[in-house]
Protein chains: 2
Amino acid sequence: MRFSFHTAVIALLVALILPVAARAAPASEDGYDLWLRYRPLDKTARASVQAQARSIVLAGEPSPTTRAAVEELKRGLAGMLGRDPAVAARPGDGALLLATPARLPELAGATNALRGELATLGDEGYLLRQTRIAGHNVTLIAANTDIGLLYGAYAWLRDAATGAKPEAASAPKLQLRMLNHWDNLDRVVERGYSGQSIWDWWALPDIKDQRYTDYARANASLGINGTVLNNVNSKPEVLTAPFIAKAAAVADVLRPYGIKVYLSARFSTPLELHETATADPLSPEVRAWWQRKADEIYKVIPDFGGFLVKANSEGQPGPQDYHRTHADGANMLAAALAPHKGIVMWRAFVYAPGEHSASDRAKQAYDEFKPLDGSFAANVLVQVKNGAIDFQPREPFHPLFGAMPKTPLMMEFQITKEYLGFSTDMAYLGTMFEETLRSDTRTGRTVAQTLTGMAGVANIGSDRNWSGSHFDQANWYAYGRLAWNPQASARDIATEWAALTFSPDVRVTAPVVDMLMMSRETVVNYMTPLGLHHIMGTGHHYGPAPWVDNLERPDWNPVYYHRADSKGIGFDRTASGTNALEQYAPEIARQYADPHTTPEQFLLWFHHLPWDYVMPSGRTLWAELLARYDKGLADAKSLQSRWAALKPMIDPRRYREEEQRLARQVYNATLWRDACIAYFQSVSGLALPPGVQAPAHPLAYYQALRYPYAPGNPK
Amino acid sequence: MRFSFHTAVIALLVALILPVAARAAPASEDGYDLWLRYRPLDKTARASVQAQARSIVLAGEPSPTTRAAVEELKRGLAGMLGRDPAVAARPGDGALLLATPARLPELAGATNALRGELATLGDEGYLLRQTRIAGHNVTLIAANTDIGLLYGAYAWLRDAATGAKPEAASAPKLQLRMLNHWDNLDRVVERGYSGQSIWDWWALPDIKDQRYTDYARANASLGINGTVLNNVNSKPEVLTAPFIAKAAAVADVLRPYGIKVYLSARFSTPLELHETATADPLSPEVRAWWQRKADEIYKVIPDFGGFLVKANSEGQPGPQDYHRTHADGANMLAAALAPHKGIVMWRAFVYAPGEHSASDRAKQAYDEFKPLDGSFAANVLVQVKNGAIDFQPREPFHPLFGAMPKTPLMMEFQITKEYLGFSTDMAYLGTMFEETLRSDTRTGRTVAQTLTGMAGVANIGSDRNWSGSHFDQANWYAYGRLAWNPQASARDIATEWAALTFSPDVRVTAPVVDMLMMSRETVVNYMTPLGLHHIMGTGHHYGPAPWVDNLERPDWNPVYYHRADSKGIGFDRTASGTNALEQYAPEIARQYADPHTTPEQFLLWFHHLPWDYVMPSGRTLWAELLARYDKGLADAKSLQSRWAALKPMIDPRRYREEEQRLARQVYNATLWRDACIAYFQSVSGLALPPGVQAPAHPLAYYQALRYPYAPGNPK
């Protein structure tokens, strides 16, 4: 009897569990969930997380932002624990409690130890603490504001998913943590390698894609608090009523997540819309137009962030068209926005024909902006690219950092890999961002310490996995984490990302982190080693083209940058050359004046050296250059084999997708190595040392390659 | 003791089942799965399906195609039954058996009753039968070829999911069942309203998106057997080696699914690639070039389908540039392809400046092609649009159908809704396709009976749900089902689609089918009632613009088509006008010569009539026109409220997404109704009858509306 009951029960178990289990297989991992996957935890982790979150409790009345926090906690716990969590009205033992001093007077109590700590965390910080409140042991997510609670919820979920101990207090070090979308109104993304723009301007405002919400979740999880929806190469239409209504619809979706909407403004907008007779920033008519426009925008987007402006650069209109300065232009817009607390982010990437183009384009931004330090309005920030040329695989930090102490600065990083292999080549940019942020300006501050904000040119598109490749999600992630804390470690961030994205199992994270950490240097080596720069294909910026010398403007040509001839190679930016070096602090200028004390990685950025210059390795410059190209290719192959070794540990679809890309990367690395060696050999006339393999094809083969319809290059 | 065991078991059940059940919730319905959702069946249906498929058995050795069939059956059964099905090597009772006569000699046996039936099903047909084989009761999926088995597997799954009895025999009525992608090599889709092209030419051939496989599955499930990857407005590069390699990679993915790859060829390709001095189809150099090109293609795509060509139309090059005929051009390409069994699909959509443009553009295709009947090579098909103008919401069937008895014809339908509201307005095209296919040409055949193949201009894009809106998936589906069987019923297809896409519950299918069935007529009414046509906005083709009269060519202007003035409205295509009517069979020409015997829906297509012409309703033409616009708007609102009533029955995400679109449709319907009434009133000078609401704005308001960056309109 007992036996048969037993049997029946087992049959029941089989009948009930088997079918459900089959259905329970997680949906195919396609990358859409990013680092917010919330996959089931292993037993030990599950017990620990379960103990911290027997119920979710929000102190006080819900707001749109706390609703988002609670929803995310529910989603995360359901995924990680495999069952829907309880939501309770008041804390019991084991509650996960979200509270601000305003929501829970106890937190504000004079005797409460947390009070002092909270006071240091500002409007956006949070703390996670296992503590006793109202007679119960709870896990507390505390902050001064609802947005702090949301950030705290994401932090707690991150800790839960990675197995970190949820004991932390954190506040952002930068005020502005922005994404810049170089997205055109027709959904073509300039330098976008992951599909179309996610902003479907045509369908807006009536149709709001689910992606907008998931975009907000992903960015809030990193602490991003602003986004510029449209390309810096802006169009006047974006400031017309229909497009403002569309932007307002996006703003409504992003608002609960603490993300403000900004727009790129074309400086000549009123003139091009035929609503003024000029765009002169000192014209009263123009000033009044912008004031009215700002009022119009704030009527429908009350928390509108402000404008990002690219002016007098690459053909864009600007104040210099009227013999006014960048400050005149920025301050005019700033005046229109100030009553609404909006800001202007004015880009320092100025790059136009003229004297600098002929001598050294790298010097132009410093020369134009340094003298304006102190003359910008209080709500203007100057946004400076990380280096003085243009998002190259490696550049020394921009000399404007540290040089404008009276002006709040934004760092502009490029997350999308315009010059680092699009979305096919693996290149973790965390190390690149870290390298720049930690650079010592020798003005008493690291680059990171000179910043008020950070902008990242987004690598986000309509591809299912958002970023084109799964590894490129790490660049979005690393950017966001560094914008929150520019002193964070690129390796720690990589580890966290790998744990969230693939698995917290160290057999996965350790090798994935190794791949990430070596990947950018790999690309530098097979593209532009030893300080070489800007030797890529014209227009699309794909592949090698060091031979190009026939473009209209001198500084469009790769030969302008590498200056290789039969005697040597490199751009002399010392006193004997363009003296761009003098734009840096004296200590740096002194150190880099001598090739022997210049970091090897910047050698040919600052110096023109003979081919037989002896490198620290003991090799000649020529042999060293070849060795770097060879190392780049070897390391690309190593990335491929390291991934292959991970096959049993990675879900099949994502494994296969990255496997295809890593194979393409080996092709790209071979192409770069072979084409560059073929070209530089044709210039140097030097033989390949023994052991260095000759390029697979003659130089003419590489020169004849064409890439019609390459992505990211709008007509 | 027993009690505590019992308790332990219940605790175990709770512990095991609860968490799994929570995880088992199906992934959010986002439309990606199309009609291949395979969601859990209800209990009765599950039992029935389970009994038919205790195991899956393939007779004989697997091939890539049978592997696809078995994989799909496994996926479908796992989803519908909630557990992984068994796959067995030999049939037992209840097996689902896939067999061809070659795979299972028993099927070929002289005494086998199925033998005769199979013989009628050709290379692509299949039969589903519950029968006894090798001493076992099995559900048989039988065919003469592996591709027939794949089609049979999809048919069986469709029956299982909708509750239909799996007893059927079916073979396609048309040889060629094609999709035409108007997809450019930069991934912009001409007249595409669902994101970018799914063909990522840049990433190919190395990176093969998972979508390619899912595209193949979806199309194979409908019986589509060919696809033209690129736009008919083609570029020469698509026939260069790198792009042929990319097309080959796609062909490799599609091949197991019975789908051949074709390319649109630009007639002047060899000239534009600078490989010949002319593109004259009679030049030996040109003929040799195309022969070499065909050989090159077939080397990497052994089953390449052939070329689709748009020549001497809308600025495309063609044989007439060299004073040769369409037949000269088509036959030259056909000669190059014939040794490889490739075909040429030569489009009859010819539309160029000249005599026809000035008088009646509708007449040009017939005038150019009818005289060529009989002069095309055996492997040439002429591809004719459903109507003589251009995919309007309603057109009478094209007079070439029935007029070229010696030439195999393809029907060209447009699945993408260039003129029917993009992907925002709901318009089920099954009824439109059916209307054309069932039209009697009065040459002894319906339009359907004149066809050898069918081509559908795809509405497929990179949007998660493939088609921009969920309802637009029904148009892809209906097209495919009608290409298999042009005599099928649009209503039956709608029912099947609704059951597969939402739920087989009649409380869902009945109202959804009602919505689908009324939707296209709704659009006709609020856009172009009573035979009006081509009165849409310039270029982007969005919204009303009946006033446009200033475009360079006469037949680009809406006023050319409606010819409204103070006296009347309509295009006189009778003998007193352009006599386009004489291109039809005499019986039709006679019937349509008199407005009183012309179907009301084509009235203003064939006749110019006074505003006070008395309609069958007893109303004047003016009042009838207004009534139609009002009905269109009222029906758009009805679609909205019908969907709202379905809210409890539809998953939240898809409900919300269509809710947003139906709201936009009411906006669009209002815009069309108001703008057209405002315009026609300005022309007719007539008052609005009592009860007809005046447009919300004056005419000038509608005329001033602009739609920058509208999708689908490549520069």
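Because the structure is predicted, anything quoted here is derived from the model rather than measured. Chain A is the first sequence line, chain B the second, and so forth, proteins listed ahead of strands; every chain is numbered from 1.
If you measure heavy-atom distances from B/Y193 to chain A, you find no contacts under 4.5 Å at all. For a residue to count as touching a neighbouring chain, one of its non-hydrogen atoms must lie under 4.5 Å from one of that chain's; by this rule B/R653 touches chain A with the side chain only. Heavy-atom distances place the side chain of A/F422, and not its backbone, under 4.5 Å from chain B. Both the backbone and the side chain of B/A710 come within less than 4.5 Å of a heavy atom of chain A.
The CG atom of B/D209 sits 7.0 Å away from the CD atom of A/E657 when rounded to the nearest 0.5 Å. A/Y709 OH to B/F243 CZ: the interatomic distance, rounded to the nearest 0.5 Å, is 7.0 Å. Atom CG of A/N668 sits about 8.0 Å away from atom CG of B/D206, to the nearest 0.5 Å. B/I207 CD1 to A/E659 CD: the interatomic distance, rounded to the nearest 0.5 Å, is 11.5 Å.
In this pair, B/Y707 and A/W202 present their aromatic rings perpendicular. The plane angle is above 60°, beyond the 30 to 60° band.
Residues A/R187 and B/Q196 bring no donor and acceptor atom of their side chains to less than 3.5 Å of each other.
Taking both residues in full, the closest heavy atoms of B/L204 and A/R664 are given as O-NH1, 3.8 Å, listed atom of the first, atom of the second, then distance.
Contact tally against chain B (heavy-atom pairs below 4.5 Å) for A/R656, A/R211, A/K235, A/R464: the top residue is A/R464. Top candidate by heavy-atom pairs under 4.5 Å with chain B, chosen from A/L185, A/D186, A/N184, A/T240, is A/L185.
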